[in-house]
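Just so it is clear, the structure is predicted and the values come from calculations on it, not from any experiment. Side-chain atoms are counted along with the backbone in the values below, which use heavy atoms only and exclude waters and symmetry mates.
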Amino acid sequence: MGFPNLVTERETSSEESSSSEDEGENIVVDDSENEEEEEEEEEEAQEEVVETKKREKKPITISLKKVCKVCKKAGHQAGFQGATYIDCPMKPCFLCKMPGHTTMTCPHRVATEHGVLPASPRNARHSVNFVFERQLRPNVPAIKPAFVVPDHVDCGVIRYHSRRVTCLEFHPTNNNILLSGDKKGQLGVWDFIKVSEKTVYSSVHTCILNNMRFSSVNHGTIYAASSDGTISCTDIETGFSESLMDLNPNGWHGPSSWRMLYGLDINAEKGLVLVADNFGFLYMLDARTNGRTGGPILIHKKGTKVVGLHINPVQPELLLSCGNDHFARLWDIRRLEAGSSICDLAHRRVVNSAYFSPQTGSKILTTSQDNRLRVWDSIFGSLDSPSREIVHSHDFNRHLTAFRAEWDPKDPSESLVVIGRYISENYNGVALHPIDFIDISNGQLVAEVMDPNITTISPVNKLHPRDDVLASGSSRSLFIWRPKDESEHVEQKVEWKILTCGKSGNNSSRKGDSDDSDDGLLGLKGKKLKRRRIQIKSSQKDQRALVL
C-alpha cells in the first residue's frame with residue numbers, strides 16, 4: 001500500500017502579491033458588460049488579469065512513493081524481505097552477478113557446485129611439476145578421508161567485545177586458548193574450556209585490529225596490525241604491549257596521508273614480520289631486533305589497500321598478497337621489489353583474502369567480492385586462469401568484517417574450506433545466516449552450520465589446527481562449535497555454556513553501529529538479560545539446556 005499524495009500550498013512572498021491574487025480572484029471579465037464600458041478601462045482590466053496570472057504560484061504536489069534502494073526508481077522494491085532477498089529488476093542477479101534470473105531462482109543458490117568442473121592437469125611436463133609429484137604428492141592421500149564438521153554450539157560469550165569481531169587466532173600450542181581482535185582495537189584472550197576465564201586488553205590499539213600472528217619463537221607473544229598504523233608485540237599473559245612501528249608519528253593530517261596496516265604474516269625461516277598498508281606498500285621488520293629492515297616496497301597499485309599476506313608453508317620464500325586493485329600476486333621474497341611479481345591473478349572485484357593450501361602449499365584459494373571463490377590447483381602449473389570458480393554469497397555492503405574462505409588445516413586432501421554466508425535462508429520461519437563448509441575440489445556444499453539462537457551474520461570463522469573445533473565471530477560475540485557426539489545417550493541432555501558480558505539493551509539505534517548489535521542473539525531482543533535457564537523444545541531425542 002503506497003503513501004498518499006500530499007498537496008502543499010506555497011506561502012505568498014509578500015503582502016503585495018497576496019493582495020494582487022485576491023484582486024485577480026474577484027475580477028470577472030464578461031464581454032456583454034464590457035461593451036458598455038470605455039475601451040481604456042477594458043484594456044487596463046485585461047492587462048491586470050494577465051499580470052495577476054503571471055504572479056500566481058501553482059501548488060506543489062509531493063508524492064511519497066516507495067523507491068528502490070538500489071536503482072532509486074519507483075514501482076518496485078529490492079533487498080531483504082524477512083529471509084528472502086528480492087532483486088532489483090534493473091540489476092543482474094545479486095548472487096551470481098549474471099542477468100536473466102533472480103537470486104531466489106539462481107541455480108547457484110540451489111547447488112553451489114552448479115557449473116563447477118574439476119580442472120585437468122596443465123603443464124604436466126614442467127620440471128617443477130615433476131619435482132612436486134615426486135616430493136609432495138606422496139603426502140596427499142589417494143583416498144579422500146571423510147570430512148568432520150563441527151556443527152553444534154558447545155559454548156560462547158555474548159557481547160565479549162565492545163565492537164564487532166574482526167579476526168581470530170588459535171594458540172599454536174595451547175588447544176583451549178582463542179585470541180580475538182575487534183573494531184575498537186581490543187585484544188581478547190579466552191579459554192573456551194573454562195568459559196568464564198576471559199581477558200580483554202583495551203590498550204593495545206586505538207583502531208581496528210585487522211590481523212594477528214603468533215611469534216614463531218615465543219608462543220606467548222603475538223604480533224598485530226591495526227588501522228592506527230602501528231604494529232604491536234603483545235605478551236598475552238601480562239597484556240604488556242610494545243609498538244614496533246608507527247606509520248603516523250605526526251598524528252592525523254587527513255585521510256590522504258593516514259596509513260593503515262592490514263595484511264600481516266611471519267616468515268619464520270628468515271625471522272621477518274611482513275605487513276602491508278592501505279597505499280599498496282609492504283614493510284618488513286626483523287623479529288629478532290623488532291626493528292625495520294629496508295624501505296617500503298610497492299607491491300600493489302599505488303593508493304590501494306593490501307588486505308592480505310600469506311607465506312607459503314612449505315616454501316617460505318614464496319609470498320602471496322591480495323588487495324583492492326582486484327589482484328592477488330605471487331612474490332619471491334629473495335628478490336622482492338616493485339613490479340617483480342612472479343604472477344598476477346586477476347579478479348573482477350576486490351580480493352578479500354588469498355591463502356596457500358596448509359599441507360603442501362601447492363594450491364591457492366581466494367575470496368573475491370564478486371561472490372566467487374577461486375581455486376588454483378597447482379602453483380607450479382599455469383596460473384593464467386583459475387582451475388575453478390565457485391559461486392557463494394559473501395558480497396556485503398557496510399558494517400561487516402570482510403568474508404574470508406579459510407582452509408581446514410587438518411584436512412590432508414586440502415579440499416575443505418569454511419566461510420560465512422551473507423544472504424539469509426528461511427529455516428522453520430527464522431532467517432539465519434549459515435556457516436558453509438565447501439569441498440573446493442568439486443564445489444559441493446558439504447554442510448551448512450547454523451543454530452536457531454544465532455540470528456546475526458558470522459563473517460569471521462577459524463578452524464582449529466589440531467582439534468575438531470570451529471570458532472566463529474558473530475558481531476561482538478564468540479562461539480565454539482564441535483561435532484555432535486552420535487554415541488551420546490538419547491535421554492542425556494547437552495548443556496550449552498554461555499557467558500554474557502557487557503551491558504544489555506538495544507545499541508542498534510546508534511548511527512553506523514548496526515554491525516555491533518547482538519540483540520538478535522538468543523531471542524532476547526529488547527529484554528534485560530538475567531541468569532536463568534531456558535528450556536529449548538526440540539525433538540525427543542535432542543533436548544538441550546541453555547544456561548544464561
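- A donor-acceptor pair under 3.5 Å is absent between the side-chain atoms of N371 and the main chain of V391, judged by distance alone.
- Here the side chains of P452 and V430 are not in contact, with every heavy-atom distance at 4.5 Å or above.
- The aromatic rings of Y160 and W190 sit tilted relative to each other, their planes meeting at an angle between 30° and 60°.
- Side-chain polar atoms of S241 and T234 form a donor-acceptor pair below 3.5 angstrom.
- Between L264 and A225, the closest heavy-atom pair is CD2-N, 3.9 Å.
- Judged by distance alone, the side chain of T166 and the main-chain N or O of G181 form a donor-acceptor pair under 3.5 Å.
- For the side-chain contact (heavy atoms from CB on, under 4.5 Å) criterion with P150, the lone passing option out of I435, I480, L470 is L470.
- Side chain of N278 to main chain of M260: a donor-acceptor pair is present (N/O by atom type, distance under 3.5 Å, no hydrogens or angles).
- Looking at E414 and T360, their side chains do bring a donor and an acceptor atom within 3.5 Å of each other.
- Taking the side-chain contact (heavy atoms from CB on, under 4.5 Å) definition, one finds that A287 meets it with Y223, V273, sequence neighbours left out.
- Using a 4.5 Å cut-off on side-chain heavy atoms (C-beta onward), F214 and L179 make contact.
- A side-chain donor-acceptor contact under 3.5 Å links D87 to the backbone of F94.
- Looking at every heavy atom in both residues, T366 comes nearest to A328 through CG2-CB, 4.3 Å.
- Judged by distance alone, the side chain of N312 and the main-chain N or O of P316 form no donor-acceptor pair under 3.5 Å.
- Between I440 atom CD1 and I419 atom CD1 the span is 13.0 Å, to the nearest 0.5 Å.
- Between the D277 side chain and the F281 main chain, a donor and an acceptor come within less than 3.5 Å of each other.
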Donor-acceptor list for residues 195-204 side chains, cut-off 3.5 Å, not counting sequence neighbours:
residue : atom : partner : partner atom : Å
Y201    : OH   : I236    : O            : 2.9
Y201    : OH   : E237    : O            : 3.4

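- Between T173 and H171 there is a side-chain heavy-atom pair separated by less than 4.5 Å.
- Between D182 and L209 the shortest side-chain heavy-atom distance does not fall below 4.5 Å.
- Residues V469 and L178 are not in side-chain contact: their nearest non-hydrogen atoms beyond the backbone lie 4.5 Å or more apart.
- Once rounded to the nearest 0.5 Å, the distance linking CD of Q369 with CZ of F403 reads 9.0 Å.
- Smallest separation of non-hydrogen atoms from L463 and F437: CD2-CE2, 3.9 Å.
- Under a 4.0 Å N-O distance rule, the pair R349/D370 does not qualify as a salt bridge.
- In terms of heavy atoms, S216 sits closest to I266 at OG-CG2, 4.3 Å.
- Salt bridge present: D395 and K97 bring a charged side-chain N and a carboxylate O closer than 4.0 Å.
- Considering CD1 of I333 and CD1 of I311, their distance stands at 3.5 Å, rounded to 0.5 Å.
- With respect to R421, the side chain to side chain donor-acceptor pair (under 3.5 Å) criterion is satisfied by exactly one of H433, E448, H394: E448.
- Checking side-chain atoms of N248 against main-chain N and O of G251 turns up no donor-acceptor pair under 3.5 Å.
- For residues 307-318, no residue pair satisfies the salt bridge (charged side-chain N to carboxylate O under 4.0 Å, His left out) rule, not counting sequence neighbours.
- With values rounded to the nearest 0.5 angstrom, F356 atom CZ is found 7.0 Å from L319 atom CG.
- For E389 against R372, the heavy-atom pair with the smallest separation is OE1-NE, 3.8 Å.
- Using a 4.5 Å heavy-atom threshold, the side chains of Y422 and P459 count as separate.
- Residue pairs meeting the salt bridge (charged side-chain N to carboxylate O under 4.0 Å, His left out) criterion with at least one partner in residues 200-227, sequence neighbours excluded, are E169-R213, R213-D265.
- In the model, S243 has no side-chain atom that pairs as donor or acceptor with a side-chain atom of T230 under 3.5 Å.
- Of the N and O atoms on the side chains of T103 and R109, not one donor lies less than 3.5 Å from an acceptor on the other residue.
- None of V275, N267, L272 except one satisfies the side-chain contact (heavy atoms from CB on, under 4.5 Å) rule with M284; the exception is L272.
- For N211 and Y262, the side-chain atoms include no donor-acceptor pair closer than 3.5 Å.
- Residues T367 and S353 bring a donor and an acceptor atom of their side chains to less than 3.5 Å of each other.
- Checked by atom type and distance alone, the side chain of T401 pairs as donor or acceptor with a backbone atom of V165 at under 3.5 Å.
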_Working for side-chain contact (heavy atoms from CB on, under 4.5 Å), residues R476 and S162_ = CA-CA 6 Å; R476 295 178 288 165; S162 59; 5.6 Å; no

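- Side chain to side chain, N175 and R466 meet the donor-acceptor criterion of an N or O pair below 3.5 Å.
- Residues in residues 399-411 take part in these salt bridge (charged side-chain N to carboxylate O under 4.0 Å, His left out) pairs, two or more places apart or across chains: E406-K462, D408-K410.
- The ring pair (Phe, Tyr, Trp, His ring centres under 6.0 Å) check on H464 picks up F170, with sequence neighbours excluded.
- Here the straight-line distance linking atom NZ of K183 with atom CZ of R163 works out to 4.5 Å at 0.5 Å rounding.
- In terms of heavy-atom proximity, H114 sits nearest to H108 at O-CE1, 3.1 Å.
- Atoms CG and CH2, on L365 and W376 in that order, are 9.0 Å from each other to the nearest 0.5 Å.
- H326 and H347 have their aromatic ring centers separated by at least 6.0 angstrom.
- No side-chain donor-acceptor contact under 3.5 Å links W407 and S357.
- At distances below 3.5 Å, at least one donor-acceptor pair connects side-chain atoms of W258 with backbone N or O atoms of S227.
- With 3.5 Å as the limit, one finds no donor-acceptor pair spanning the side chains of S472 and S474.
- Remark: side-chain polar atoms of T304 are not paired, donor with acceptor, to backbone N or O of N324 under 3.5 angstrom.
- Electrostatic pairing of R288 and D286 counts as a salt bridge here, judged by a charged N lying under 4.0 Å from a carboxylate O.
- Relative orientation of the H310 and Y355 rings is perpendicular, given thresholds of 30° and 60° on the angle between their planes.
- Between P434 and V449 there is no side-chain heavy-atom pair separated by less than 4.5 Å.
- Between H392 and D436, the side chains place a donor N or O and an acceptor N or O closer than 3.5 Å (distance only, hydrogens not considered).
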